Amino acid sequence: MKRDADDAAGPSRRQFVSAAASAAAAWILTACGPKRLVEMPKERLHKALRELERQYSETYGTAVTVADTPALPGVQFAYALDLSRCIGCRRCVYACVEENNQSRDPQVHWIRVHAMEKEKGVDFSHSDPYYEPKEVPEEGRFYVPVACQQCENPPCTKVCPVGATWKEEDGIVVIDYDWCIGCRYCMAACPYGARHFNWAEPTIPKGELNPNTHVLGNRPRQKGVVEKCTFCIQRTRAGRYPACVEVCPVGARKFGNLLDPASEIRYIIEKKRVLVLKEDLRTVPRFFYFYGT
Amino acid sequence: MARAALVGLVPALLAVAWATAGEGPTERLEIPPPPFTEGIFPCSSCHADLKVNRTRRPLTAMHDDIQLRHDEQHRWCLDCHDATDRDSLHLASGERIPFEQSYLLCGQCHGEKLRDWRAGVHGRRTGSWNGQKSYLLCAHCHNPHQPRFRSLAPKPAPRRPERPKETIGGLP
């Protein structure tokens, strides 16, 4: 009875002061403790990156660089894929694995190529990602490669309880692998199955590591974190095409700056029949599928 | 066959320039050399001494490996290859063009493909999305004599998800 009366009267002075003091202490401790990479002062970040480089170089036996190249001003990245050209050869899948240092075992693939029946059209309910004929394309089938759609309105970043994933200025959705707690909410939220979890310690054979890495992209990951396509952030922020664009034998993959009226991507959007996956979800993908014929 | 021998042969890049239709500055494009069968070019090294025979006929003495599957009812060698200047091609107008500009020849029929190719939308680009790009000629991907894109063996399918044995615990 006495307690109830106390509560009704509000917290005592002692309660209030001790709560305020512990809140202040917690705030100070958090500010002093570890930070998300993006929030770190540049000087401290660079120190951390040099330390990462040292660790990776030691583990993989090559000189690894970890860049933190920021978004280029006036650039909004977008991607387009020609559904009338793709033959489903999966060259992109493996070029991506090598460029972005995905785990070979357990196997992580950022790109998944779905074979679909021409009669049924673009419909994931009947798609087959495990097709393995002698030669592609198969009669009566077409192919839809799917990776991160780099949504303008990404559902994955909204559900992250710790703020370990976000959309960068140039439109690339990235993950801070050192801040990710591995809860996989983002994987559940992604309507495209584009996020992948490291269920075990990733393995990359010595000598196969791509030593040219970006802190928010292809640097080696650890067990228990989520990863995904970053439009090859380490290449594209340096002006290069993503690895999948350069490897595609039929030239079905196109990449560029949405804000540049002379870019390939603008030509496609303005002149071709374009679609995005699951448009009704209002995720507003930066990844366009088109028919080049 | 012929083209397979050339896959490894994409060395020194050759710069070809043209003015983009209408407005815009002259654009420089990096294009690798045309994909000749090894030892076949220059054509004049053999043809210089040969008498020109303009009669349409199946070839038997030489080039019998070439199977024309490209509107073969209506075309044959000298519709594209020039009979007087053997190291050139010619357009329908008779204007001679070097092999490096063979896209102009292809574009006479496939105009919309040429337009897309110039825009960087048809065919593969490598290099910089905001700078120097490397193009391929039509003939690098499409054998001009049999232009249909050939089938490829796909890379292995992804592994199917598997439940690790130790976590099945409890199940018989």
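In what follows, every chain begins at residue 1, and chains take the letters A, B, ... in the order their sequences are listed. Bear in mind the structure is a predicted one, so any value in this text is a computation, not a measurement. The basis for the numbers below is simple: all heavy atoms, side chains too, and nothing from hydrogens, waters or symmetry mates.
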Heavy-atom contact with chain B under 4.5 Å, split by part of A:Thr236: both
Take atom CD in A:Glu270; do more than 12 heavy atoms of anything else shown fall under 6.0 Å from it? yes
Crowding at NZ, A:Lys223 (>12 non-hydrogen neighbours, <6.0 Å): no
As an exercise, state the distance from CZ of A:Arg91 to CG of B:Leu152, rounded to the nearest 0.5 Å. 5.0 Å
Given heavy-atom pairs under 4.5 angstrom as the criterion, report whether the side chain, backbone, both or neither of A:Val113 touches chain B. neither
Donor-acceptor pair, side chain of A:Lys254 and main chain of B:Gly120, under 3.5 angstrom: yes
Around atom CD of A:Glu169, are there more than 12 heavy atoms from other residues, nucleotides or ligands closer than 6.0 Å? no
Identify the heavy atoms of B:Trp129 and A:Arg240 that sit nearest to each other, and give their distance. CD1-O, 2.9 Å
Calculate, to the nearest 0.5 Å, the distance between atoms CG and CG belonging to A:Leu72 and B:Asn130 respectively. 7.0 Å
Mark yes when over 12 heavy atoms from residues, nucleotides or ligands other than B:Arg148 sit less than 6.0 Å from its CZ; otherwise mark no. no
When you look at A:Glu264 and B:Lys133, which way does the side chain to side chain contact (heavy atoms under 4.5 Å, CB included) test go after all the steps? CA-CA 12 Å; A:Glu264 293 142 40; B:Lys133 300 175 198 338; 3.0 Å; yes
Kindly compute the distance separating OG1 (A:Thr293) from NZ (B:Lys113), expressed to the nearest 0.5 Å. 6.5 Å
Does A:Tyr185 have more than 12 heavy atoms from other residues, nucleotides or ligands lying within 6.0 Å of its OH? no
Taking the side chain as everything from C-beta on, heavy atoms only, tell me whether B:Pro158 gets closer than 4.5 Å to A:Arg90. yes
If I compare all heavy atoms of A:Tyr241 with all of B:Thr126, which pair ends up nearest, and what's the gap? CD1-C, 3.7 Å
Heavy-atom donor-acceptor pair, A:Tyr94 side chain to B:Pro156 backbone, under 3.5 Å: yes
Write down the atom of A:Pro249, the atom of B:Cys141, and the distance for their closest heavy-atom approach. O-SG, 4.5 Å
Give, for atom OH of A:Tyr267 and atom CZ of B:Arg118, the distance between the pair rounded to the nearest 0.5 Å. 11.0 Å
Donor-acceptor contact present, side-chain A:Glu246 to main-chain B:Gly127, <3.5 Å: yes
Leading residue by heavy atom contact count with chain B [cutoff under 4.5 Å; candidates A:Pro133, A:Gly292, A:Ala262, A:Pro137]: A:Pro133
In terms of heavy-atom pairs under 4.5 Å with chain B, the winner among A:His109, A:Arg253, A:Lys272, A:Glu135 is A:Glu135
Side chain, backbone, both or neither of A:Phe77 within contact of chain B (heavy atoms, under 4.5 Å): side chain
